[in-house]
Novice: 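Supplied in structure tokens, the structure appears directly below.
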Amino acid sequence: MIDVLLGLQWGDEGKGKIVDFFAPDYDIIARFQGGPNAGHTLYVDGQKVVLHQIPSGIFHPHTDNLIGSGVVLDPVTLLREFQKVEAMGVDPRKNLCISERTHLILPTHRALDKASELSKGEEKIGSTLKGIGPAYMDKTGRNGLRVGDILDRNFTTQYIRLRLKHQKILDSFGFREDITDWEEEFFEAIELLRQLRIVNGEYHINEQLRNGKKVLAEGAQGSMLDVDFGTFPFVTSSNTISAGVCSGLGVAPQKIREVIGVTKAYCTRVGSGPFPTELHDDTGELLRKTGNEFGATTGRPRRCGWIDLVALDFACMINGVTQIVMTKSDVLDAFPVLNVCEAYMIDGREVNRVPYQMQKTEIDPLYTPFEGWMTDITRINTYEALPERMKTYIAHINARLGVPVRYISNGPGRTQIIDVQKG
Ligand code: GDP
Ligand code: IMO
Ligand code: MG
């Protein structure tokens, strides 16, 4: 069976840490969508590591890791990440495999991403510029190159053909940067890729499932960045929700058991786009400082605000979330008042739904204030021992979402997590 772990907000919910925590209970950790736009932070023996392409189970030698067909893969990022992981004493050749259907991110995809964002000016998406949009466009446009193609003798010819197509578009954007260095790195990285375990991802995972193995699908980005259901057009280019697991790994929906949704105890967003509960004041600044809210991929400051139960309720609905992991709860330790967004006021009316068009809609969040717990919770390891005011905050979230908060993460460290059911 497959369990799914994914973000319920706009990304960076702490998925990497939680996958690393759960990994020993699974045989395979599989990424099913997204690419190097993801930045998943783990602490291994106290050392911080950020993973972009490699699944977050890599530091567990008995857990296999799959980069699935729905992912877009930049070989250059993979090579750099390989070196980083190797330097930490782990050989990813042993417990990493890659689906042959995974689409490749070419240097020109990165250039196209940059050119496209520049052309949008004020209306830019705030893309990570990793080439995600252009690579997925080549997939749906049926032009892209896939990992399996690198084993073909004609790979370079195929590459040149696609590169020429891209060049025409880059010329129309007036993009003049020299990307020769990027191409050199790319072909070096292709050499590494050729030495790795390239598998038929669909047969691989289904065989494992038939043999009773347990799979954890690791989401990237968050539900509100989903290309279909997020705050379009300020979204990423893949299905980040649970449905993406079936199309991204080639598994049937009946195989999915738990859908574990990860949310921060507050909310952040990096890049442009609507964010109803965003705080532009000192409280927002304090959240950013206390939570160290700077992007793991781009280093950009993250926008910060209160938890949004309208958006979370929507995310729980479209994903079929069965349990919630609440992360970064310790960041709220010293806030005397915590606001929880219950509904949106739009045109003088109270609305409980995420509107179709958030960008052009004036949204005023309706808040219920809660008393903060004003206690350091970072060393607490049982639910019982948590402050009563925090339990009230969590009980309110449970009741509104109709889904239980099952785990509470109270620090970035590997062991800073509380299982609510253990009491
Ligand atoms: P991901 O993309 O969802 O994996 O999340 P990121 O790694 O981009 O961002 C989450 C950040 O929060 C990282 O710096 C983590 O080390 C950190 N983090 C995760 N869980 C907690 C937590 O419970 N408390 C605190 N203070 N930090 C956390
Ligand atoms: P993880 O997996 C937060 C955001 C970008 C931008 C938009 C589109 O670490 O949670 P893209 O590069 O996909 O074209 O960017 O999506 N974005 C993320 N924000 N966490 C991520 O991943 C993100 N991946 C993309 O900032 O607004
Ligand atoms: Mg991240």
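Read the numbers this way: they start at 1 and go in the same order the structure lists the ligands and their atoms.
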Novice: For ligand 2, which part of W10 has a heavy atom less than 4.0 Å away: the side chain, the backbone, both, or neither?
Specialist: backbone
Novice: Tell me, which protein residue and heavy-atom name are nearest atom 13 (O) of ligand 2, and how many Å apart are they?
Specialist: T236 OG1, 2.6 Å
Novice: Give the numbers and elements of all ligand 1 atoms closer than 4.0 Å to a heavy atom of H40.
Specialist: 1 (P), 2 (O), 4 (O), 7 (O)
Novice: At what distance is the nearest protein heavy atom to atom 7 (O) of ligand 1, and which residue and atom is it?
Specialist: T41 OG1, 2.5 Å
Novice: Can you tell me the protein heavy atom closest to atom 12 (O) of ligand 1 and the distance?
Specialist: K328 NZ, 3.0 Å
Novice: Distance check below 2.8 Å: does G11 bring an N, O or S atom to the Mg ion (ligand 3)?
Specialist: no
Novice: In terms of residue, atom name and distance, what is the protein heavy atom nearest to atom 25 (C) of ligand 2?
Specialist: Q221 CG, 3.7 Å
Novice: Please state which option from G35, G39, G34, G14 has its nearest heavy atom closest to atom 9 (O) of ligand 2.
Specialist: G39
Novice: Tell me whether D313 contacts the main-chain N or O of L309 through its side chain, where contact means a donor paired with an acceptor under 3.5 Å.
Specialist: no
Novice: For R80, is there an ion pair with E185 - N to carboxylate O distance below 4.0 angstrom?
Specialist: yes
Novice: Counting only heavy atoms, tell me which of T41, L129, L225, T231 gets closest to atom 18 (C) of ligand 2.
Specialist: L225
Novice: Looking at atom 6 (C) of ligand 2, what's its closest protein heavy atom, distance included?
Specialist: G126 O, 3.2 Å
Novice: Does the distance from a Lys or Arg side-chain N to an Asp or Glu carboxylate O, for K214 and D3, drop under 4.0 Å?
Specialist: no
Novice: Check this for me - ligand 2, S237, N or O atoms closer than 3.5 angstrom, yes or no?
Specialist: no
Novice: Show which atoms of ligand 1 fall inside a sub-4.0 Å distance from at least one heavy-atom site of K17.
Specialist: 20 (N)
Novice: Within ligand 1, which atoms have a heavy atom of Y43 less than 4.0 Å away?
Specialist: 16 (O)
Novice: Judged by non-hydrogen atoms, does A296 sit under 4.0 Å from ligand 2?
Specialist: no
Novice: Can you find an N or O of E13 that's nearer than 3.5 Å to an N or O of ligand 1?
Specialist: yes
Novice: Look only at the side chain of E123 and the backbone of K120, and say whether a donor-acceptor pair between them is shorter than 3.5 Å.
Specialist: no
Novice: Considering both backbone and side-chain atoms of S272, is one of its nitrogen or oxygen atoms within less than 3.5 Å of a nitrogen or oxygen in ligand 2?
Specialist: no
Novice: Between D113 and K130, is there a side-chain N and carboxylate O pair less than 4.0 Å apart?
Specialist: no
Novice: Is it the side chain, the backbone, both or neither of V270 that has a heavy atom closer than 4.0 Å to ligand 2?
Specialist: both
Novice: Does R302 have a non-hydrogen atom less than 4.0 Å from ligand 1?
Specialist: yes
Novice: For a side-chain contact (heavy atoms from CB on, under 4.5 Å) check, start with the C-alpha distance between W306 and V340, then their side-chain angles and the critical distance, and finish with the verdict.
Specialist: CA-CA 6 Å; W306 298 119; V340 170; over 6 Å; no
Novice: Here's one to test your reading of the geometry: is the NZ or CZ of K422 within 45 degrees of the ring axis of Y383 and under 6.0 Å from its centre?
Specialist: no
Novice: Rounded to the nearest 0.5 Å, what's the gap from OH on Y136 to NE2 on H109? Could you check?
Specialist: 12.0 Å
Novice: Do side-chain atoms of R269 reach the backbone of S272 as a donor and acceptor pair under 3.5 angstrom?
Specialist: yes
Novice: I'd like to know if D330 pairs up with R379 as an ion pair, taking the criterion as any Lys NZ or Arg NE/NH1/NH2 lying under 4.0 Å from an Asp or Glu carboxylate oxygen.
Specialist: no
Novice: Assess whether side chain to side chain donor-acceptor pair (under 3.5 Å) is satisfied between Y344 and D308, documenting all intermediate values.
Specialist: CA-CA 10 Å; Y344 299 151; D308 179 346; 2.6 Å; yes
Novice: Between E285 and R288 (salt bridge meaning N to carboxylate O under 4.0 Å), is one present in this structure?
Specialist: yes
Novice: Side chain, backbone, both or neither: which part of V235 has a heavy atom under 4.0 Å from ligand 2?
Specialist: backbone
Novice: Does R302 come within less than 4.0 angstrom of ligand 2, counting non-hydrogen atoms of the residue?
Specialist: no
Novice: Once you restrict to heavy atoms under 4.0 Å, what part of N410 touches ligand 1? Side chain, backbone, both or neither.
Specialist: backbone
Novice: When rounded to the nearest 0.5 angstrom, what distance separates CZ in F22 from OG1 in T63?
Specialist: 13.5 Å
Novice: Could you pull out the atom name of the N/O/S atom in D12 that is nearest the Mg ion (ligand 3)?
Specialist: OD1
Novice: For ligand 1, which part of D330 has a heavy atom less than 4.0 Å away: the side chain, the backbone, both, or neither?
Specialist: side chain
Novice: Answer yes when E202 and R101 have at least one side-chain N-carboxylate O distance shorter than 4.0 Å, and no when they do not.
Specialist: yes
Novice: Mark yes or no for whether R303, through its side chain, and G271, through its backbone, hold a donor-acceptor pair below 3.5 Å.
Specialist: yes
Novice: Decide, yes or no, whether a salt bridge links R93 with E86 under the criterion of side-chain N to carboxylate O below 4.0 Å.
Specialist: yes
Novice: What protein heavy atom is closest to atom 10 (C) of ligand 1, reported as residue, atom name and distance in Å?
Specialist: D12 O, 3.8 Å
Novice: Measure the distances from the heavy atoms of K130 to every atom of ligand 2 and state whether one is below 4.0 angstrom.
Specialist: no
Novice: Can you check whether N37 has an N/O within less than 3.5 Å of an N/O in ligand 2?
Specialist: yes
Novice: Measure the shortest side-chain to side-chain distance between F32 and S238 over non-hydrogen atoms and say whether it is less than 4.5 angstrom.
Specialist: no
Novice: How does S409 reach ligand 1, if at all, at less than 4.0 Å between non-hydrogen atoms: by side chain, backbone, both, or neither?
Specialist: both
Novice: Charged N to carboxylate O under 4.0 angstrom, R110 versus D74?
Specialist: yes
Novice: Looking at R389 and E371, is there a salt bridge between them, counting it only when a charged N and a carboxylate O are closer than 4.0 Å?
Specialist: yes
Novice: Check contact between G411 and ligand 1, using heavy atoms of the residue and a distance below 4.0 angstrom.
Specialist: yes
Novice: If we only consider heavy atoms of G133, is any one of them less than 4.0 Å away from an atom in ligand 2?
Specialist: no
Novice: How does R300 reach ligand 2, if at all, at less than 4.0 Å between non-hydrogen atoms: by side chain, backbone, both, or neither?
Specialist: side chain
Novice: In this structure, does ligand 2 have an atom that sits under 4.0 Å from one of the heavy atoms of R269?
Specialist: no
Novice: Tell me which protein heavy atom sits closest to atom 12 (O) of ligand 2, plus the residue, atom name and distance to 0.1 Å.
Specialist: T128 OG1, 2.6 Å
Novice: Which of the atoms of ligand 1 are close to G39, meaning less than 4.0 Å from one of its heavy atoms?
Specialist: 1 (P), 2 (O), 4 (O), 6 (P), 7 (O), 8 (O)
Novice: Kindly indicate whether the side chain of R406, heavy atoms from C-beta on, has any atom under 4.5 Å from the side chain of I324.
Specialist: no
Novice: Should one rank A135, S116, S127, G7 by closest heavy-atom distance to atom 14 (O) of ligand 2, which comes out on top?
Specialist: S127
Novice: Say whether G16, considering both its backbone and side-chain N or O atoms, lies within less than 3.5 Å of an N or O atom on ligand 1.
Specialist: yes
Novice: By number and element, which atoms of ligand 1 are closer than 4.0 Å to a non-hydrogen atom of A296?
Specialist: 8 (O)
Novice: Would you say ligand 2 has an N or O under 3.5 Å from any N or O of D12?
Specialist: yes
Novice: Do any heavy atoms of G11 fall under 4.0 Å from ligand 1?
Specialist: no
Novice: Counting only heavy atoms closer than 4.0 Å, does ligand 1 sit against the backbone of K15, its side chain, both, or neither?
Specialist: both
